[in-house]
*Asks:* 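My structure is below; once you've seen it, I'll send some questions.
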Number of protein chains: 2
Amino acid sequence: MRHICLIMDTKRPTAREAIIAAAFEVLSRNPGAKLSDIAERAGVGRATLHRYFASRDDLIQALAMTAVEEMDEAAEVAMKDARSYSEALKAIVSAFIPLGDRYSFLMREPLEESTALAEEFERQAEETRQLIEKTKKEGLFDPAVPTDWLVQAFDHLLYAGWESVRTGQTTPRQAADLAWRTLTHGLKA
Amino acid sequence: MRHICLIMDTKRPTAREAIIAAAFEVLSRNPGAKLSDIAERAGVGRATLHRYFASRDDLIQALAMTAVEEMDEAAEVAMKDARSYSEALKAIVSAFIPLGDRYSFLMREPLEESTALAEEFERQAEETRQLIEKTKKEGLFDPAVPTDWLVQAFDHLLYAGWESVRTGQTTPRQAADLAWRTLTHGLKA
DNA sequence: CCATAATGAGACATATATGTCTCATTTGAG
DNA sequence: CTCAAATGAGACATATATGTCTCATTATGG
């Protein structure tokens, strides 16, 4: 019996996954959307949503966790065939830009406090930090520039890319190039 | 009689102004704070707050309008003795960085729709755009870089500076320098 | 000192999302 | 087919900020 349950846990195309997917869709368009909107979009009853996610915060937290996992995965794939840390960082920019329209609403949520999620955030931030440190040693960035600022600039230029794509000003590819150029060489003539 | 009223409108050290000041203080620490918290901080009753601002949205809108005005003023002062548009833009970065801790919560508010405020936003964005266009003609930026991206990068590096100051990573002066450097020359070695 | 306006305190009504619970129905495994 | 688990629909209770209103008190201008 148990092994069957385990299989079902792994391959469950509906319910929980459908709700998470619907939540991303709905909340990215309207961050204040009601749970009933999300349930409807997911094609499930509101009660079922509550069976999987006890509260709104629970759901938001699950979304954030999903985002972290997907970004981890995207980063890993992007770094796979990079020949240097600098190439890897650049590849990550390109890989993250298309994720913006799904995740950007999370920035407006008052997350925090949850230990499990906070740890993941911290870990991911630390990984970014260390990758940037390594690119510094490769000579990509001026060692005199604080790594903290590099992280801030990296993050916010990513957001700028998201916004740029969202408003139709650029394609994801263009946004990635512009963000990378800004970070490394700036925009001077 | 009327002239007296006019004078009172101009010099009113209490009530409305106190509420706005308190709202900035309270909301920048806790964006979801209750109106009663704001009223208390302002030293007025909740009813009085409602006499000046019919609804929460009204208050938020007034805060946004205040922010726009203060940024206009800060920009004007900063540009006063600039000898070029490029210098002016740089001065604006320095002038805006210290404003972050008061205004950043406004980014999380679902503003929009209000005609008067939306117009101000649009005007200010357009002014930034045109200033950047002029710095382009002075040779500060690569003409091949879309002005839209320059505006995005400008805004988001400003936010990066705000965050950097807020978390104590840098002083406002350092943040301004780093943001400017990133925008113009990037962070390469 | 007077009269008007502004204020504070608090009761009151409202709205609305949220979370809980029940029960009939459906689904899926054996 | 049978039964247990999952689900949907919807009633129900709850919580809480919000906005309104009243009235006694205070402040202020004349």
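Labels below follow one simple rule: chain letters A, B, ... track the order of the sequence lines, proteins then strands, and each chain is numbered from 1.
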*Asks:* Can you tell me if A/Tyr52 touches the phosphate of D/dA6, counting only side-chain N or O atoms and a distance under 4.0 Å to OP1 or OP2?
*Replies:*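 No, because none of the side-chain N or O atoms of A/Tyr52 sits under 4.0 Å from OP1 or OP2 of D/dA6.
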*Asks:* Listing request: all ring pair (Phe, Tyr, Trp, His ring centres under 6.0 Å) pairs with a residue in residues 109-156 of chain A, at least two apart in sequence or in separate chains.
*Replies:*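 Of all non-adjacent pairs touching residues 109-156 of chain A, those that pass ring pair (Phe, Tyr, Trp, His ring centres under 6.0 Å) are A/His156-A/Tyr159.
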*Asks:* Nearest whole Å is fine: how far is C/dA5 P from B/Arg16 CZ?
*Replies:*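 Those two atoms, CZ and P, are 21 Å apart.
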*Asks:* Do any pairs count as a salt bridge (charged side-chain N to carboxylate O under 4.0 Å, His left out) and have a residue in residues 158-176 of chain B, sequence neighbours left out, and if so which ones?
*Replies:*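 The answer is B/Glu163-B/Arg166.
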*Asks:* By side-chain hydrogen bond (donor to acceptor under 3.5 Å, both in side chains), which residues pair with A/Lys137, not counting sequence neighbours?
*Replies:*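 A/Lys137 satisfies side-chain hydrogen bond (donor to acceptor under 3.5 Å, both in side chains) with no residue once adjacent residues are dropped.
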*Asks:* Taking atom P of C/dA9 as reference, at what distance in whole Å does atom CZ of B/Arg51 sit?
*Replies:*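 B/Arg51 atom CZ is separated from C/dA9 atom P by 11 Å.
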*Asks:* Does the protein touch nucleotides 10-20 of chain C at the base, only the backbone, or not at all? Give it as B, S and - per nucleotide, heavy atoms under 4.0 Å.
*Replies:* BB-----SBBB
*Asks:* Looking at residues at least two apart in the chain, or sitting in another chain, which of them share a side-chain hydrogen bond (donor to acceptor under 3.5 Å, both in side chains) with A/Arg56?
*Replies:*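 Result, side-chain hydrogen bond (donor to acceptor under 3.5 Å, both in side chains) vs A/Arg56: none returned.
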*Asks:* Return the angle between end axes of the helix from C/dC1-D/dG30 to C/dG30-D/dC1, with five pairs used per end and rounding to 10°.
*Replies:*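 The angle, to the nearest 10 degrees, is 30°.
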*Asks:* Using the ring of A/Phe24 (Phe, Tyr or Trp, six-membered ring only), decide whether A/Arg102 places NZ or CZ under 6.0 Å from its centre and within 45 degrees of its axis.
*Replies:*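 Flagged: A/Arg102 positioned over aromatic ring of A/Phe24.
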*Asks:* Residues in side-chain hydrogen bond (donor to acceptor under 3.5 Å, both in side chains) with A/Glu25, at least two apart?
*Replies:*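 Scan of A/Glu25 (side-chain hydrogen bond (donor to acceptor under 3.5 Å, both in side chains), adjacent residues dropped) gives A/Arg41.
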*Asks:* Who passes salt bridge (Lys or Arg N to Asp or Glu O under 4.0 Å) against A/Glu127, sequence neighbours left out?
*Replies:*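 If we apply the salt bridge (Lys or Arg N to Asp or Glu O under 4.0 Å) test to A/Glu127, skipping adjacent residues, the hits are A/Arg123.
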*Asks:* Please collect all side chain to side chain donor-acceptor pair (under 3.5 Å) contacts where either partner lies in residues 75-84 of chain A, sequence neighbours excluded, each pair once.
*Replies:*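 Side chain to side chain donor-acceptor pair (under 3.5 Å) check on residues 75-84 of chain A returns no pairs.
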*Asks:* I want to check one thing: is the phosphate of D/dG8, taken as OP1 and OP2, less than 4.0 Å away from some side-chain N or O of A/Thr48?
*Replies:*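 Looking at the OP1 and OP2 atoms of D/dG8, one of them is under 4.0 Å from a side-chain N or O of A/Thr48.
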